[in-house]
Amino acid sequence: MRSSSDRPRLTKSFGISVLARTLALYLLFSQLWLHVSELVDFSFLSIALALAAIAAFFAEWIGFRARVAALFGALLPFAVRLVFSGFSALAGAVSPGPAADALLFLFDKSLIPSLIPVYWMFLSTFACLRLPAVLAWDPVADCALLVAIFWSQAGYRGSLYPHPGILGLVVGGFFILEVASLYAYSVSSGPASGGSRTRRPLVLVLVPLLALLFVVILSRYSEGAVTQGGGLIKPTLFRFDFSQYLKLEDEISLSNDLVLIVKKQGADEEILLRRYVLSGYSPNRGFYSDPANQGDAGPLSLPDRPTDFRDPGDRNRIRVEQEYYIVNFDGSSFIAMNYPVSVTPFREAASTSFSGSYSVVSKVSNLMPFDLVDAQSPLAAKAMAPKTYRYYTEFGDDAPIADLAKRVTVGIPGYYDRVMAVYSYLHDNYYYSLKPGVAEDGNRLHHFLFSSKKGYCSYFAFSMALMLRSLGIPCRVAVGFFLNPQVQAFGYYPVRADMAHAWVEVFYPGFGWIEYDPTSTTIAPGENLQFSQGMDTEQFSRLLKEILAGRDSRTVKSGTRVGQAEGTGTSGLLALIRIVARFWWLIAAVLYLGSVSVARYRHFASAAFANPPGRRALALYFHAAGLLFSTGYGKRPTESVQEFSDRTRRTAGIELGDLSRAYLKARYAPSFTMADLMKAREAYSLFLSSFRKTVPARRRAAGFLNPGLLFGRLS
């Protein structure tokens with residue numbers, strides 16, 4: 001055993017550091033348990049990990065040598081097993097029966113798969129207690145373990161968690177615990193024991209690594225969720241919603257999870273429920289949601305009070321009432337048939353199974369084909385401003401698509417007839433497939449149109465919209481759900497995730513935006529798609545009973561009914577969230593540059609405004625020390641101020657001696673006058689001149705971005 005004088009001094013900060021990394025490791029092994037949940041009981045694993053950590057503390061407290069501690073940790077699980085078997089035998093003697101034998105069997109069943117996590121917890125905790133510097137690099141091993149745990153998840157497709165939001169909490173919690181551990185260790189180590197030295201890998205390697213790990217894993221899970229949501233649905237915080245831009249995937253899968261229940265009056269042959277209109281288009285982004293050009297599509301989010309929207313007054317439209325009950329979807333989503341003219345949100349009870357519910361009145365087209373035969377172009381009918389017309393006919397100048405559209409409509413002059421020609425061409429000559437295939441040149445849409453001729457709904461909607469736009473016909477893409485009129489009970493329709501859909505809306509003067517669904521109903525040759533015709537009837541029945549039982553007692557959200565001017569826009573908070581989500585990389589860069597700028601110049605600012613004069617001299621020295629630290633010439637933990645200045649002059653030719661003496665006088669002398677401050681400023685100017693001559697500009701620029709000043713100690 002070692003004497004107590006040989007052990008590292010345990011401080012409160014050091015204890016917090018060890019506790020935080022132990023909790024982080026427990027969080028990681030909890031994720032590993034998800035892989036082997038059928039083999040290991042979670043309670044058993046939790047208790048075993050806790051005992052391993054306690055045993056490591058005990059071994060260090062006793063002062064075991066490393067080899068003795070390793071042997072102690074290796075034998076401990078089997079010693080516990082021996083004690084448990086004794087209790088099991090005693091229980092069997094007191095109360096004979098299979099229960100006692102079953103307990104021992106369950107113990108043994110969980111013991112072997114838990115050995116590796118238990119040994120890892122014991123040995124790593126003991127190493128951190130015995131050699132505190134291990135705490136500075138332990139997160140590297142933890143990060144590697146986290147990557148290994150999720151690497152087997154088929155490209156992070158999300159089979160361990162039903163939603164990336166939960167994964168985000170887990171990885172975010174891991175990130176916070178690791179940073180807390182590193183920060184507490186840096187405080188506990190101090191300058192005398194290598195604090196500034198160990199903080200450099202902290203800020204330069206580990207923290208960016210942890211942040212990158214969080215972003216990469218969560219984004220990969222999100223990508224997987226989009227492909228599993230038919231290429232249309234993506235994760236929000238803890239539920240799902242439609243993506244606000246349309247991305248074509250090489251392959252998608254479908255889930256039959258229930259997302260909402262809809263009640264609708266009337267019996268239509270085809271029912272389309274719109275979530276977004278994707279009116280903007282660029283070759284790089286594809287079709288995307290543009291809040292400034294929503295037109296009469298209604299709000300992006302559910303209003304928080306009864307709201308009326310402007311009735312566009314288009315011809316041949318009828319009122320259709322709907323009710324929406326959100327199950328596994330973003331509760332703030334607004335879904336409705338085209339066009340919504342009023343919405344009434346309901347207040348949810350605390351015990352409800354729904355994340356939101358509301359009723360909508362829409363004006364739905366009741367056109368017959370002959371109503372549109374004589375339709376004119378919006379420009380000829382003066383029904384659309386030239387600027388708006390150009391916006392809705394932007395197709396990225398895609399010449400192959402424009403040539404195809406011309407070939408399909410050659411000799412067809414009518415506005416409506418050209419729309420139907422493109423619609424029929426896609427619907428009748430292409431196939432439906434969940435595996436459109438990989439495009440060799442990366443252009444998936446061209447691969448669909450000119451090579452494979454098979455794809456899912458997004459491919460058909462993309463193609464029809466761009467072909468029509470190339471012909472000068474304004475149109476946009478819409479995403480939402482379709483309903484199966486044959487699957488309903490008492491007028492209530494279950495809506496599953498595999499009913500997510502994309503279609504096209506074409507503008508007709510006097511009639512507004514008319515829906516077209518060009519997706520083929522012919523399955524691609526060689527493929528056998530089994531579309532779900534139902535759902536979990538038990539779940540649907542339970543939710544339907546809840547809806548019917550609560551219809552008479554439901555209440556409308558408070559607030560006076562408002563008009564479109566107040567009700568169609570998203571709230572300021574939601575708009576801010578969307579901006580942050582879209583430009584997070586720019587915001588992160590600005591925040592980072594702002595943080596390092598403050599860290600770099602805060603002492604320089606104090607040198608100009610602080611009182612008394614001694615504080616200004618101290619600030620000048622700290623600013624100079626910060627410049628040296630950020631460019632790799634920082635003070636070593638064991639050096640004195642004078643030794644530091646001598647080394648920088650001897651090895652780098654940087655004159656810091658006079659400024660160091662001014663610093664020492666300002667810090668320790670009984671008085672520091674304005675005359676002394678003037679000498680300190682002259683010394684700072686001498687230092688700055690030698691610093692700029694010695695350190696190349698590119699190194700000084702890189703030093704400006706060095707985040708070490710956010711954590712490093714300068715004296």
Self-check item: Shortest non-hydrogen separation from G298 to P340 and the atoms involved
Solution: CA-CG, 4.0 Å
Quiz item: Does the gap between the ring centers of F462 and F287 come in under 6.0 Å?
Solution: yes
Quiz item: Within a strict 4.5 Å, meaning less than it, do heavy atoms of the V487 and P494 side chains meet?
Solution: yes
Self-check item: Spacing of NZ belonging to K382 relative to OH belonging to Y389, to within rounding of 0.5 Å
Solution: 15.5 Å
Quiz item: Nearest 0.5 Å, what's the CZ-OG1 distance between F346 and T555?
Solution: 9.0 Å
Quiz item: Can you find a pair of side-chain heavy atoms, one from L278 and one from Y288, that are under 4.5 Å apart?
Solution: no
Exercise. Would you indicate whether the side-chain heavy atoms of R542 and S353 approach each other to under 4.5 Å?
Key: yes
Quiz item: Are the side chain of R469 and the backbone of C475 linked by a donor-acceptor contact shorter than 3.5 Å?
Solution: yes
Practice problem: Would you confirm whether S301, through its side chain, and P299, through its main-chain N or O, come within 3.5 Å as a donor-acceptor pair? | Solution: no
Quiz item: Is there a donor-acceptor pair closer than 3.5 Å between any side-chain N or O of Y339 and the backbone N or O of W513?
Solution: yes
Quiz item: Taking atom types as modelled, is there a side-chain donor on N284 or S282 under 3.5 Å from an acceptor on the other?
Solution: no
Exercise. Report the distance from atom CG of L248 to atom NE2 of H447, rounding to the nearest 0.5 Å.
Key: 11.5 Å
Quiz item: If every non-hydrogen atom of D517 is compared with every non-hydrogen atom of A502, which pair is closest and at what distance?
Solution: OD1-O, 4.2 Å
Quiz prompt | H427 and Y423 aromatic ring geometry - parallel, tilted or perpendicular at 30°/60° bounds | solution = parallel
Quiz prompt | R554 atom CZ, neighbour heavy-atom count above 12 within 6.0 Å | solution = yes
Exercise. Identify the two heavy atoms, one from G331 and one from L302, that lie closest to each other, and give their separation to 0.1 Å.
Key: O-CD2, 4.1 Å
Quiz item: Are F329 and F481 close enough that their ring centers fall under 6.0 Å?
Solution: yes
Quiz item: Once the angle between the rings of Y508 and Y415 is folded into 0 to 90°, is it parallel (under 30°), tilted (30 to 60°) or perpendicular (over 60°)?
Solution: perpendicular
Quiz item: Ignoring hydrogens and geometry, is there a side-chain-to-backbone donor-acceptor pair from R275 to A336 under 3.5 Å?
Solution: no
Self-check item: Steps toward side-chain contact (heavy atoms from CB on, under 4.5 Å) verdict (D314, K363)
Solution: CA-CA 9 Å; D314 296 320; K363 285 294 193 70; over 6 Å; no
Practice problem: Ignoring hydrogens and angles, tell me if any N or O in the side chain of Y358 forms a donor-acceptor pair with the backbone of P306 under 3.5 Å. | Solution: no
Self-check item: From D311 atom CG to R319 atom CZ, the distance as rounded to the nearest 0.5 Å
Solution: 8.5 Å
Quiz item: Just checking, any donor-acceptor pair under 3.5 angstrom between side chains of D290 and Y391?
Solution: yes
Quiz item: What's the shortest heavy-atom distance between F482 and D498, and which atoms?
Solution: CE2-O, 4.3 Å
Quiz item: With a 4.5 Å heavy-atom cut-off, do L300 and S289 have their side chains touching?
Solution: yes
Exercise. State, yes or no, whether a side-chain contact exists between D398 and L466 at a heavy-atom distance under 4.5 Å.
Key: no
Quiz item: Knowing that exactly one of T409, T393, V419 qualifies, which makes a side chain to side chain contact (heavy atoms under 4.5 Å, CB included) with I473?
Solution: V419
Quiz item: Donor-acceptor pair, D371 side chain versus M368 backbone, under 3.5 Å?
Solution: yes
Practice problem: Start with the C-alpha distance between L404 and F450, add both sets of side-chain angles, then the distance that settles side-chain contact (heavy atoms from CB on, under 4.5 Å), and finish with yes or no. | Solution: CA-CA 9 Å; L404 176 62; F450 306 111; 3.9 Å; yes
Self-check item: Working for side-chain contact (heavy atoms from CB on, under 4.5 Å), residues L445 and N443
Solution: CA-CA 6 Å; L445 190 59; N443 192 321; 3.8 Å; yes
Exercise. Give, for atom OH of Y516 and atom CG of L426, the distance between the pair rounded to the nearest 0.5 Å.
Key: 13.5 Å
Quiz item: Are the side chains of M384 and P474 in touch, meaning some heavy atoms are under 4.5 Å apart?
Solution: yes
Quiz prompt | Donor-acceptor under 3.5 Å (S520 side chain, Y430 main chain) | solution = yes
Quiz item: Going by an N to O cut-off under 4.0 Å, is there a salt bridge joining E505 and R274?
Solution: yes
Quiz item: Below 6.0 angstrom between ring centroids: does that apply to F448 and F460?
Solution: yes
Self-check item: Heavy-atom closest pair, residues K264 and I271
Solution: CE-CD1, 3.3 Å
Practice problem: Quick one: do E323 and Y492 satisfy side-chain contact (heavy atoms from CB on, under 4.5 Å)? Show the steps, please. | Solution: CA-CA 9 Å; E323 294 177 7; Y492 290 88; 4.1 Å; yes
Exercise. For the pair E394 (side chain) and G396 (backbone), establish whether a donor and an acceptor sit closer than 3.5 Å, ignoring hydrogens and angles.
Key: yes
Quiz item: Under 6.0 Å from the NZ atom of K263, do we count more than 12 heavy atoms belonging to anything else shown?
Solution: yes
Self-check item: Heavy-atom side-chain proximity of L543 to F354 below 4.5 angstrom
Solution: yes
Practice problem: Check A461 against V504 and note the closest heavy-atom contact, atom names and distance. | Solution: O-CG2, 3.5 Å
Quiz item: Between S470 and M467, is there a donor-acceptor pair closer than 3.5 Å when you use the side chain of the first and the backbone of the second?
Solution: yes
Exercise. Please check if any side-chain donor atom of S365 sits under 3.5 Å from a side-chain acceptor atom of E515, or the reverse.
Key: no
Quiz item: Is R317 reaching over with its side chain to a backbone N or O of F511, donor-acceptor style, under 3.5 angstrom?
Solution: yes
Quiz item: Roughly how far, to the nearest 0.5 Å, is the CG atom of L468 from the CZ atom of R476?
Solution: 14.0 Å
Practice problem: Decide, yes or no, whether a salt bridge links K557 with D304 under the criterion of side-chain N to carboxylate O below 4.0 Å. | Solution: no
Self-check item: Validation row: P436, Y456 side chains within 4.5 angstrom (heavy atoms)
Solution: yes
